[in-house]
*Asks:* 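One structure, pasted below without further comment.
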There are 2 protein chains.
Amino acid sequence: MNRDEMLKLDNQLCFVLYACSREIIRLYRPVLAELGITYTQYVVLMALWEQEAVTLKELGGRLYLDSGTLTPLLKKMEAAGLITRMRCPEDERNIRILLTLQGRDLKHSAYRIPEKILSMTQITPEDVRHLKGQLNQLLQKIEVNSEK
Amino acid sequence: MNRDEMLKLDNQLCFVLYACSREIIRLYRPVLAELGITYTQYVVLMALWEQEAVTLKELGGRLYLDSGTLTPLLKKMEAAGLITRMRCPEDERNIRILLTLQGRDLKHSAYRIPEKILSMTQITPEDVRHLKGQLNQLLQKIEVNSEK
DNA sequence: TCAAATTAGATTGTATAAAATTAAATTGCT
DNA sequence: AGCAATTTAATTTTATACAATCTAATTTGA
């Protein structure tokens, strides 16, 4: 591939990732709107359904988001009654994120989401597994490299 | 996989896509900053280096971005002297996007970018090709399905 | 023991994204 | 030709993202 080919949009791994990510999130939008949440709020909830009482810092590490994104997002979710935020007594610098009953209950409505999205994409479970594995490997490589 | 497993973050194809996309764009940021552009501006330029004089509508279709994103972005690029925007004489509703000499010349500085990013990710050309193919297939499936 | 360094979170400023709305222009139909 | 329906670009509104900076709490080390 010559240098002009290398700059073509269709030869960019990053561009197809960027486009795919936005297009899939577009599929989620109407489905999540039924629960009154956005995609970012959905990933926060998934993280908390797995492990509650994490700090903002830990949550950010898990989701690859910093306090500049999370602080306003979590304040909105607190105002919506999904979570509570409280300073840790043992170290006042940390904020601990907890689910409210409402936030915990929302999981019941969320159970049907994965299947719904899967049916919209027509992708086979095997392809999902394969693709997910490759992307996780790529993510690992980037993490290792940017720590240097 | 039971329904609780299905809601785990690590089992979401969408989440790894979303995270990967943002992390790779993070790698581009310092590289593109040397040219004085952002990642979105870079994909606009790549599209225009391939085919100039497209309308805003056509550009949006190519990049999966709508006018709400492109209009302010293109105005900024015009202010930076990279492109010009002009109404089509044959159909005044359309805006035609043209590169300036400076915008066209920026391609010379851009030639070294793909290799630079590749070396930062440590991914093999074979893996890139494979992953790119799978993501393009997924993108196609989403497009076909959301047109219904 | 206390000043310096570190850390977590909040704030600020800039840049995307995308839905909804508005305004302008064109097209198709009669 | 004339006008209603359609198309299109731009604008507005809301919600992320993220770098850079700031503040307060904690830890470190001389």
Side-chain angles (χ1 to χ4, degrees), chain A residues 14-15 17-33 36-44 54-80 82-83 85-97 146, chain B residues 14-15 17-33 36-44 54-61 63-80 82 85-97 146:
Chain A
C14 186
F15 175 68
L17 262 170
Y18 166 70
C20 246
S21 167
R22 284 183 296 113
E23 290 302 299
I24 295 193
I25 289 173
R26 189 196 306 280
L27 291 182
Y28 275 90
R29 229 179 302 270
V31 177
L32 294 175
I37 57 176
T38 63
Y39 184 75
T40 323
Q41 292 179 10
Y42 180 54
V43 296
V44 167
V54 292
T55 64
L56 189 150
K57 183 81 174 177
E58 290 165 340
L59 189 60
R62 185 81 181 88
L63 303 178
Y64 304 90
L65 293 170
D66 71 2
S67 71
T69 302
L70 283 177
T71 297
L73 184 70
L74 293 172
K75 281 183 178 176
K76 245 174 280 177
M77 292 178 74
E78 187 173 39
L82 297 173
I83 62 158
R85 305 178 314 132
M86 55 180 289
R87 292 277 168 188
C88 298
E90 66 273 19
D91 185 342
E92 294 274 345
R93 286 172 303 181
N94 296 312
I95 279 203
R96 200 157 289 289
I97 319 291
S146 45
Chain B
C14 187
F15 175 68
L17 264 169
Y18 165 71
C20 243
S21 167
R22 284 183 296 116
E23 290 303 300
I24 294 193
I25 289 173
R26 188 194 308 278
L27 291 184
Y28 275 89
R29 229 180 301 270
V31 179
L32 294 175
I37 58 176
T38 63
Y39 184 74
T40 324
Q41 292 178 10
Y42 179 54
V43 296
V44 166
V54 293
T55 64
L56 190 149
K57 182 81 174 180
E58 290 165 341
L59 189 61
L63 303 178
Y64 302 90
L65 293 170
D66 72 1
S67 72
T69 302
L70 284 177
T71 297
L73 183 72
L74 293 172
K75 280 184 178 176
K76 247 173 276 180
M77 292 177 74
E78 187 174 39
L82 297 173
R85 305 178 313 135
M86 55 179 288
R87 294 276 170 186
C88 298
E90 66 274 19
D91 185 342
E92 294 274 346
R93 286 169 305 182
N94 296 313
I95 282 203
R96 200 158 290 287
I97 318 291
S146 46

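Every chain is numbered from 1 and lettered A, B, ... according to where its sequence line falls, protein lines coming before strand lines. Bear in mind that the values here come from a model prediction, so they are computed numbers and not experimental data.
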*Asks:* Ignoring backbone atoms, establish whether A:R96 has a side-chain N or O less than 4.0 Å from OP1 or OP2 of C:dG9.
*Replies:*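 No, A:R96 has no side-chain N/O under 4.0 Å of OP1/OP2 on C:dG9.
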*Asks:* If you take atom types as modelled and just measure distance, does the side chain of A:S67 reach the base of C:dA10 with a donor-acceptor pair under 3.5 Å?
*Replies:*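 Check passes, donor-acceptor contact within cut-off.
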*Asks:* Mind checking which nucleotides bracket the chain A contacts on DNA chain D, 5' to 3', with an atom under 4.0 Å from a heavy atom?
*Replies:*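 Extent of the interface on DNA chain D: D:dA15 to D:dT26.
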*Asks:* Could you tell me if the side chain of A:R85 sits less than 4.5 Å from the side chain of A:L56, heavy atoms only?
*Replies:*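 No, side chains not in contact.
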*Asks:* In whole angstrom, what separates A:E58's CD from C:dA8's P?
*Replies:*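 Atom-to-atom, A:E58 to C:dA8, this comes out as 10 Å.
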*Asks:* Quick check: do B:T40 and A:Y18 have side-chain heavy atoms less than 4.5 Å from each other?
*Replies:*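 A side-chain contact exists here, since the closest heavy-atom pair is under 4.5 Å.
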*Asks:* Base, sugar-phosphate, or nothing: which does A:L70 touch, judged by heavy atoms less than 4.0 Å apart?
*Replies:*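 Nothing, no heavy atom under 4.0 Å.
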*Asks:* Give one of base, sugar-phosphate or nothing for B:T69, where a contact means two heavy atoms less than 4.0 Å apart.
*Replies:*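 Contact class for B:T69: base.
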*Asks:* Pick the closest DNA chain D nucleotide for B:R85 and for A:Y64 by heavy atoms, then say which residue is nearer the 5' end.
*Replies:*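 Here B:R85 is the residue nearer the 5' end.
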*Asks:* Counting the atoms with a prime plus P, OP1 and OP2 as sugar-phosphate, which does A:L73 contact under 4.0 Å by heavy atoms, base, sugar-phosphate, or nothing?
*Replies:*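 Here A:L73 touches the backbone only, sparing every base.
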*Asks:* What pair of heavy atoms forms the shortest contact from A:L17 to B:L17, and how long is it?
*Replies:*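 That closest heavy-atom pairing would be CD2-CD2, 3.6 Å.
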*Asks:* Just so I know, are the side chains of A:L70 and A:V44 near enough to count as touching, which here means a heavy-atom distance under 4.5 Å?
*Replies:*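 A:L70 reaches A:V44 side chain to side chain.
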*Asks:* How close or far is atom P of C:dG9 from atom CZ of A:R93, stated in whole angstroms?
*Replies:*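 In whole Å, C:dG9 P lies 9 Å from A:R93 CZ.
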*Asks:* Tell me, do B:L32 and B:Q41 make a side-chain contact under 4.5 Å, heavy atoms counted?
*Replies:*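 Heavy-atom side-chain distance check fails, nothing below 4.5 Å.
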*Asks:* With DNA chain C as reference, determine whether A:R29 or A:G68 sits nearer its 5' end, using the nearest nucleotide of each.
*Replies:*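 This one resolves to A:G68.
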*Asks:* Using atom CG of A:D91 as one end and atom C1' of C:dT6 as the other, report the distance to the nearest whole Å.
*Replies:*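 Going from CG in A:D91 over to C1' in C:dT6 covers 12 Å.
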*Asks:* Taking any heavy-atom pair under 4.0 Å as a contact, classify A:D66: base, sugar-phosphate, or nothing.
*Replies:*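 Here A:D66 touches the bases of the nucleic acid.
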*Asks:* What verdict does the salt bridge (charged side-chain N to carboxylate O under 4.0 Å, His left out) test give for A:R26 and A:E23, after you've listed the backbone C-alpha separation in whole Å, the side-chain angles of each residue and the deciding distance to 0.1 Å?
*Replies:* CA-CA 5 Å; A:R26 189 196 306 280; A:E23 290 302 299; 2.7 Å; yes
*Asks:* Nearest whole angstrom, please: distance from the P of C:dA25 to the CG of B:N94.
*Replies:*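 So the two atoms are 13 Å apart, to the nearest Å.
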*Asks:* Would you say B:Q41 places a side-chain N or O within less than 4.0 Å of OP1 or OP2 belonging to C:dT16?
*Replies:*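 Yes, because at least one side-chain N or O of B:Q41 sits under 4.0 Å from OP1 or OP2 of C:dT16.
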*Asks:* Are any of A:K75's side-chain N or O atoms less than 4.0 Å away from OP1 or OP2 of C:dT11?
*Replies:*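 Checking C:dT11 against A:K75, a side-chain N or O does come within under 4.0 Å of OP1 or OP2.
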*Asks:* Can you check the A:E92 CD to C:dG9 P distance for me, whole Å?
*Replies:*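 It is 12 Å, rounded to the nearest whole Å.
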*Asks:* Is the shortest heavy-atom distance from the side chain of A:R87 to the side chain of A:N94 under 4.5 Å?
*Replies:*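 Counting from C-beta outward, A:R87 and A:N94 never come under 4.5 Å.
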*Asks:* B:L65 CG to C:dA19 P: how many Å, rounded?
*Replies:*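 In whole Å, C:dA19 P lies 11 Å from B:L65 CG.
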*Asks:* Specify the separation, in whole Å, of atom CZ of B:R22 and atom C1' of C:dA17.
*Replies:*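 Result: 14 Å.
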*Asks:* So, OP1 or OP2 of C:dT11: does either fall under 4.0 Å of a side-chain N or O from A:T71?
*Replies:*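 Indeed not, no polar side-chain atom of A:T71 lies that close.
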*Asks:* Mind calculating the distance between OH (B:Y18) and P (C:dA17) to the nearest angstrom?
*Replies:*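 After rounding, the reported distance stands at 12 Å.
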*Asks:* For the residue pair A:L82 and A:I37, establish whether any side-chain heavy-atom pair is separated by less than 4.5 Å.
*Replies:*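 Yes, their side chains come closer than 4.5 Å.
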